[in-house]
Amino acid sequence: MSDPRNLLTLLSESSRCADERPFAWRDGRALSWDYFLAQAAAWRNMLARQPGSRFALYSSDSAHFAGILFGAWQAGKTVCLPGDVLPSTCANLDTLVDGYLGEFPAQYAPLTIAAASEQSVKHDFKALQPDFPGLVIFTSGSTGEPQAVPKFLSQLATEVATLEQLFGERIGDAGIFATVSHQHIYGLLFKVLWPVSQRRAIHAQQINFLEELRPAGRPFVLISSPAHLKRLPVELASAQNASSLAAMRAIFSSGGPLPPEVAAEAGRLLGSVPIEVYGSSETGGVAWRQRSSDDDSWQVMPAVAWRVAAGQELLEIRSPHLPDMEWHAMADQVQALDQRRFRLQGRVDRIVKVEEKRISLDALERQLKAQAPVADAKVLLLDQSASRPRQRIAAFVVLSAVGSQILAAQGKLALNRQLRDGMAHAVEPVALPRSWRYLEALPLNAQGKTTRADLLALLEPPVATKRPLLPAMRVLEQDPLRILLELAVPADLLYFDGHFAEAPILPGVVQVDWAVSYGRAYFPLAPQFLGMQALKFQRVITPGMVVQLELQHDLQKSSLSFRMFSAAGQHAGGRIVFGGAHVAG
């Protein structure tokens with residue numbers, strides 16, 4: 001890989017780059033480069049006949065996604081990448097695009113192609129133009145509504161070249177596994193554009209849990225995030241997995257800094273300390289690091305110029321990953337260490353005013369996380385409203401084992417007081433949290449990020465006054481045959497009565513009923529229940545827990561697989577089989 005290939009000329013020079021290595025793997029089957037070229041050509045030919053210049057693309061399969069994306073660019077179409085296909089997302093896209101590609105709901109009439117031949121033929125691809133506005137991505141919406149960010153193809157090509165310059169020799173010809181979505185800039189670059197441009201095999205299916213890694217003895221790279229790396233199962237270090245992990249060339253992580261203990265634990269369990277990448281949707285990659293015990297600094301990427309602005313010590317950059325070569329101010333305060341390295345000091349956009357006092361939300365979170373009862377925490381400033389006459393800080397806390405014991409033994413008020421007292425030495429009284437929510441895990445979107453909207457939703461009062469029969473539900477991810485839901489189990493759920501009086505737990509029959517109910521709500525399941533297979537209940541679910549429910553519909557087998565899990569591990573799982581005539585979707 002010493003001769004980096006250009007993303008812009010990848011297809012136009014494809015006839016001169018014969019390669020026996022596969023383009024991708026899907027369900028254990030190798031997909032050839034002829035397959036990829038045929039897909040791209042078929043999508044180009046179809047889209048060239050379509051009016052309009054902007055098309056939304058969503059596909060959970062990385063191989064399909066790559067063929068559609070490169071085909072759209074060959075047809076001169078700008079591609080908009082939503083993070084999901086939820087109703088509100090699709091409604092917002094409707095005003096921005098001229099058509100839909102991939103796995104959108106049927107009502108949006110996504111375009112399709114006929115099956116493309118995999119035979120090697122001349123497809124007459126053109127070199128892509130650097131100044132073509134090839135992409136529109138969307139920010140994660142951590143501080144509000146997602147914002148559209150356009151990208152010229154030159155930005156993407158330069159960033160791919162930078163990644164190859166930095167890491168290409170290290171990873172060689174390794175294949176690519178990922179736990180993150182390619183519908184966002186990090187996953188798009190690391191699991192599709194970079195490997196495809198360098199002829200590294202990608203894996204079509206995203207893995208949701210690291211236990212699903214099946215490298216089959218081939219060298220591989222893992223593209224992940226802090227949210228996944230914080231939940232590494234200790235079983236990965238077993239002798240059974242040692243041979244598979246020995247083939248790992250590198251782990252990449254982005255989306256937020258890895259805590260030092262998480263980086264160290266990942267190194268212990270996986271055999272490689274993750275390479276962290278720092279940047280944003282707007283800026284692309286800015287810097288990287290691979291933590292050691294005594295060095296937490298970031299090293300600026302080769303193409304990036306940087307400086308520290310006077311006053312607030314904000315990082316400013318000038319980079320070919322940006323749309324122009326003007327200086328761009330970031331929201332991060334940094335400490336310069338030398339010409340290429342800096343240390344992050346916190347985000348200035350998380351400085352808020354409470355009763356005229358400047359408060360750092362990052363500092364509050366650090367004070368909470370430093371206490372033994374706390375495993376993780378987020379804080380927000382709640383503005384004044386009809387129900388809140390004064391501003392106040394709300395804390396959302398994931399408890400450690402110590403914290404859970406205190407909560408069970410002494411109650412919420414005592415734990416609130418203990419955590420407030422533990423912050424009082426370093427925090428202004430006005431900044432101490434007034435609202436507390438204790439969670440099994442922080443809510444995460446498809447990028448593995450916790451958004452303000454998700455946290456605010458946890459504060460909404462229940463609308464019903466009767467004892468609830470269902471959890472508070474939120475869709476995290478949705479595909480045609482798969483959905484991931486977050487279920488907040490009410491402490492006063494009716495089904496806790498009598499099961500058991502001293503230590504109530506959620507009955508298994510209720511968990512199965514929820515799986516079936518939500519399955520019928522989102523998939524055209526056959527009407528008759530035939531039976532259950534591989535049903536297991538591993539961990540109890542108690543009042544107030546937040547769990548995730550993954551449902552997968554197998555049309556051929558007429559079955560619904562479900563898994564209920566949380567940060568504590570898997571709680572339940574199994575497969576439910578149906579029969580009879582299918583209900584129309």
Side-chain angles (χ1 to χ4, degrees), residues 1 25 62 159-160 162-182 184-196 198 200-203 205-238 240-279 285-293 295-299 301 344 444 446-449 567:
M1 296 293 171
W25 293 88
S62 296
E159 188 151 10
V160 164
T162 298
L163 294 176
E164 183 63 18
Q165 178 184 349
L166 279 172
F167 310 116
E169 186 174 342
R170 182 186 309 212
I171 67 176
D173 60 354
I176 308 299
F177 284 92
T179 67
V180 297
S181 169
H182 49 243
H184 303 279
I185 187 64
Y186 167 52
L188 173 70
L189 286 165
F190 277 74
K191 66 181 284 194
V192 178
L193 297 185
W194 178 25
V196 168
Q198 303 305 311
R200 296 186 179 103
I202 63 177
H203 284 260
Q205 281 87 26
Q206 178 177 322
I207 60 174
N208 297 303
F209 300 92
L210 294 179
E211 300 93 318
E212 299 172 7
L213 268 176
R214 297 291 185 271
R218 294 182 289 267
F220 71 99
V221 168
L222 176 64
I223 312 301
S224 195
S225 71
H228 291 95
L229 295 174
K230 286 178 181 178
R231 301 196 297 265
L232 289 176
V234 295
E235 292 83 0
L236 287 175
S238 67
Q240 182 179 357
N241 293 306
S243 58
S244 294
L245 295 179
M248 182 183 290
R249 297 276 176 85
I251 309 166
F252 290 92
S253 176
S254 190
L258 275 179
E261 64 276 8
V262 174
E265 182 70 355
R268 185 183 74 82
L269 293 177
L270 300 177
S272 178
V273 175
I275 298 169
E276 300 176 66
V277 180
Y278 162 66
V286 173
W288 67 280
R289 71 178 177 187
Q290 191 170 24
R291 274 185 180 272
S292 64
S293 58
D295 186 7
D296 63 350
S297 65
W298 295 85
Q299 184 166 325
M301 290 183 172
L344 289 175
L444 300 173
Q447 272 180 289
K449 293 187 176 182

Between CD1 on residue I185 and CG on residue L193, distance to nearest 0.5 Å: 7.5 Å
Shortest non-hydrogen contact from H182 toward S62: ND1-OG, 3.0 Å
Value rounded to 0.5 Å, distance of CG in L222 from CD1 in I251: 6.0 Å
Minimal non-hydrogen separation, R291 against L258, with atom names: NE-O, 3.1 Å
Note, W288 side chain near F252 side chain (heavy atom, < 4.5 Å): no
Point-to-point distance, once rounded to the nearest 0.5 Å, from OG of S253 to CZ of R289: 9.5 Å
Charged N-O contact under 4.0 Å between R218 and D173: no
Aromatic ring pairing W25/H203, orientation class (parallel under 30°, perpendicular over 60°, tilted between): parallel
Q198 versus V160, closest heavy-atom pair with distance: NE2-CG1, 4.5 Å
pair M301-L163: side-chain heavy atoms closer than 4.5 Å: yes
E164 side-chain N/O to W194 backbone N/O, donor-acceptor pair under 3.5 Å: no
Which atom of R200 lies closest to which atom of G172, heavy atoms considered: NE-O, 2.6 Å
Whether Y278 side chain and Q299 backbone form a donor-acceptor pair below 3.5 Å: no
Least distance between heavy atoms, W298 atom then V277 atom: CZ3-C, 4.0 Å
Minimum heavy-atom distance I223-F190, with the two atoms named: CG2-CB, 3.7 Å
Rounded distance [0.5 Å steps], CZ in R249 versus OG in S272: 11.5 Å
Short side-chain to backbone donor-acceptor contact, Q206 and T179, under 3.5 Å: yes
Inter-residue atom distance K191.NZ - H184.NE2, 0.5 Å rounding: 10.5 Å
